[in-house]
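Just below is one structure, and these are the notes that go with it.
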Amino acid sequence: MMASINSRQIPMTDTRFVSADDIRSAFSAAMSAMYRDEVPAYGTLMTLVARVNQQKLSADPRLKARLEATDSLDRISEERHGAIRLGTPQELAMMRRAFAVMGMYPVGYYDLSTAGVPVHSTAFRPVGDASLKRNPFRVFTSLLRLDLIADAALREQAAEVLASRRIFTDEAVRLIEKAESEGGLGEADAKQFVAEVLETFRWHDRAIVDAGMYKRLHDAHRLIADVVSFKGPHINHLTPRTLDIDKVQALMPEHGIAPKAVVEGPPTRECPILLRQTSFKALEEPVSFIGDGGEWRKGSHTARFGEIEQRGVALTPKGRALYDALLNQTRAKVRPAADGSNADAYEAALAEVFRALPDDWNELRKAGLGYFSYSLTEKGRAVAGRRVDLETAIAEGLVQFDPIVYEDFLPVSAAGIFQSNLGDEATQEFVASPNQIMFERDLGASVLDEFAHYSEIERASIEACFAVIGQALAAE
Ligand code: OOG
Ligand code: NI
């Protein structure tokens with residue numbers, strides 16, 4: 001599994017080339033600067049998140065020490081994810097190639113049709129411990145499912161509009177091809193690559209359809225209008241990572257930002273799991289549509305929003321199944337209303353139901369619910385050569401463990417995020433029809449299995465400990 005991933009990565013040892021990790025960091029920083037200009041509330045959120053993170057670290061020296069020891073502290077203030085929605089298989093395939101130059105690979109398959117949203121998605125992100133520590137920038141990337149539009153005429157017209165647009169500049173394509181054929185990009189090329197690819201994510205306030213077409217697309221589903229009506233897949237949000245989402249959520253109104261009523265995902269815990277997210281509603285922004293006789297006709301479009309997230313430990317398949325069951329159980333008790341009117345009841349039910357999931361790192365670990373990274377303590381390093389098993393080594397204080405951060409997205413949460421930024425009014429319902437095979441064909445590659453990656457990081461960390469202290473054989 002890991003071998004095939006490594007062979008796909010652009011070599012980093014060649015000094016003629018800028019490393020894929022460096023290109024990704026530069027791209028993430030450029031994207032952040034652009035979005036800050038485009039959506040000022042994002043800048044406000046960034047400042048707020050940075051302040052709360054600082055406060056959390058000063059209040060919790062143990063957390064700070066562990067983040068420093070695991071090399072994860074620096075990445076947090078740099079960390080963000082974005083999201084885009086693409087229109088055609090060709091766009092998706094080229095996007096995969098562009099992200100590969102930055103060391104980002106498709107991980108996981110998300111079927112949003114089950115939530116009535118006509119897209120399916122993957123997350124492009126770095127894989128492997130070192131790249132994640134350097135910069136974990138990720139982009140949730142969705143492909144429109146035109147096959148789910150019932151109206152055949154509209155489906156065809158939408159396909160025609162999409163076929164006419166080019167979302168990448170010629171230079172971007174040239175540099176992607178160059179990186180592929182030569183095995184990387186030199187400094188000047190890497191710089192230009194970042195600038196050229198950034199163009200694809202830029203906001204364009206002039207639509208490529210007229211107001212009538214926009215309305216028909218919008219009536220089918222507002223997401224379809226968002227994908228088809230514009231020149232390219234504008235980045236629709238950029239999400240900083242906070243160490244205390246409840247605090248940021250509480251402070252948002254003071255900064256003129258109105259968050260959703262409830263934080264999505266698991267409840268507040270001592271030991272955070274997976275991912276918790278909250279967002280503010282999409283902005284209604286002025287755009288213009290193609291009018292008669294070369295005139296532009298003023299209108300508006302709602303697409304871009306803001307979001308923050310707190311990340312916790314990655315759960316094993318067993319932990320994930322328990323999480324899903326508990327979330328379903330909670331929703332069976334209290335269904336969160338779109339207007340937030342029963343937010344308190346929902347949060348109380350969530351906290352109550354989630355008592356079934358231990359809120360202690362060692363219990364989570366021993367129950368096989370989460371992934372952990374193991375390392376030697378000072379004492380462990382001093383007793384090199386002893387033969388012990390892992391649990392004994394932990395009990396004797398030779399080996400310590402830290403949670404492995406969840407680097408992906410939650411399907412249920414993603415659907416919730418789509419819903420909240422699309423607005424609450426009813427739109428056409430779609431029949432759920434997950435189609436990973438079709439997605440991977442369009443992508444031009446298969447998506448990677450996130451569980452295999454977390455378990456590989458865990459396994460490698462155990463092996464590194466035992467290379468020093470010596471593992472007890474089963475028979476001993
Ligand atoms: C993507 C929504 C998913 C998340 O954080 O779960 C997402 C979109 O609205 O295009 O970003
Ligand atoms: Ni998001």
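For the single chain, residues carry numbers from 1 onward in sequence order. When reading the values below, keep in mind they use all heavy atoms of this one structure, side chains included, and skip hydrogens, waters and symmetry mates. The structure presented is a predicted model; accordingly, all values stated were derived computationally and were not measured.
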Can a donor-acceptor pair be found between the side chains of [X] and [Y] at a distance below 3.5 Å?
X: Glu309; Y: His81; result: yes
X: Tyr454; Y: Thr316; result: no
X: Asp402; Y: Thr70; result: no
X: Thr242; Y: Asp244; result: no

Around [X], counting heavy atoms of other residues, nucleotides and ligands shown, do more than 12 lie under 6.0 Å from its [atom1]?
X: Glu68; atom1: CD; result: yes
X: Asp74; atom1: CG; result: no
X: Lys133; atom1: NZ; result: yes
X: Glu378; atom1: CD; result: no

Would you say that [X] contacts [Y] through its side chain, given a criterion of any heavy-atom pair below 4.5 Å between the two side chains?
X: Arg202; Y: Glu38; answer: yes
X: Leu217; Y: Asp219; answer: no
X: Arg134; Y: Ser19; answer: no
X: Arg304; Y: Tyr42; answer: no
X: Asn53; Y: Lys56; answer: no
X: Ile149; Y: Pro118; answer: no
X: Leu369; Y: Glu363; answer: no
X: Val49; Y: Met46; answer: no

What's the separation between atom [atom1] in [X] and atom [atom2] in [Y], rounded to the nearest 0.5 Å?
X: Leu322; Y: Leu315; atom1: CG; atom2: CG; answer: 8.5 Å
X: Arg66; Y: Trp361; atom1: CZ; atom2: CH2; answer: 12.5 Å
X: Thr239; Y: Leu45; atom1: OG1; atom2: CG; answer: 9.0 Å

Criterion side-chain contact (heavy atoms from CB on, under 4.5 Å) on Leu132 and Arg125, from CA distance to verdict: CA-CA 8 Å; Leu132 286 165; Arg125 67 162 174 89; 4.1 Å; yes
Nearest heavy-atom neighbours spanning [X] and [Y]:
X: Glu450; Y: Val107; result: CB-CG1, 3.7 Å
X: Leu376; Y: Gln400; result: O-NE2, 3.5 Å
X: Tyr110; Y: Ala123; result: CE1-N, 4.2 Å
X: Ile273; Y: Tyr323; result: CD1-CD1, 4.2 Å
X: Arg96; Y: Leu443; result: NE-O, 2.6 Å

Holding to side-chain contact (heavy atoms from CB on, under 4.5 Å), I want the full list of residues that pass it with Leu67, two or more places apart in sequence or in another chain.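 Partners of Leu67 under the side-chain contact (heavy atoms from CB on, under 4.5 Å) test: Leu57, Leu63, Ser72, Leu73, Ile76, Leu243.
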Which residues share a side-chain contact (heavy atoms from CB on, under 4.5 Å) with Pro259, sequence neighbours left out: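 Pro259: side-chain contact (heavy atoms from CB on, under 4.5 Å) contacts with Gln249, Met252, Pro253, Thr278.
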Output yes when a side-chain donor or acceptor of Arg85 lies under 3.5 Å from a complementary backbone atom of Ser142, and no otherwise.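 Between the backbone of Ser142 and the side chain of Arg85 there is no qualifying donor-acceptor contact (under 3.5 Å).
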The single option from Phe99, Tyr105, Phe137, Phe409 passing ring-ring contact (aromatic ring centres under 6.0 Å, His included) against Phe124: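 Single ring-ring contact (aromatic ring centres under 6.0 Å, His included) partner of Phe124 among Phe99, Tyr105, Phe137, Phe409: Phe99.
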Using the rule given for side-chain contact (heavy atoms from CB on, under 4.5 Å), can you reason through Phe439 versus Leu92, listing the C-alpha separation, both sets of side-chain angles and the distance that settles it, and then say yes or no? CA-CA 9 Å; Phe439 184 82; Leu92 180 66; 3.9 Å; yes
Please list, chain by chain and in numerical order, all residues satisfying side-chain hydrogen bond (donor to acceptor under 3.5 Å, both in side chains) with Thr47, sequence neighbours excluded.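 Thr47 satisfies side-chain hydrogen bond (donor to acceptor under 3.5 Å, both in side chains) with no other residue.
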Begin with the C-alpha distance, continue with both residues' side-chain angles, and end with the deciding distance and a verdict on side-chain contact (heavy atoms from CB on, under 4.5 Å) for Leu350 and Leu327. CA-CA 7 Å; Leu350 191 68; Leu327 200 62; 3.9 Å; yes
Just checking, Arg365 and Phe401: is the charged tip under 6.0 Å from the six-membered ring centre and within 45° of the axis?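 Yes - Arg365 lies over the ring of Phe401, closer than 6.0 Å to its centre and within 45° of its axis.
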Between Glu458 and Ile462, is a side-chain contact (heavy atoms from CB on, under 4.5 Å) present by the stated rule, with each step listed? CA-CA 6 Å; Glu458 182 176 85; Ile462 296 173; 4.3 Å; yes
In terms of side-chain geometry, is the basic nitrogen of Glu78 or Arg75 positioned less than 4.0 Å from the acidic oxygen of its partner?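 Answer for the salt bridge query: no.
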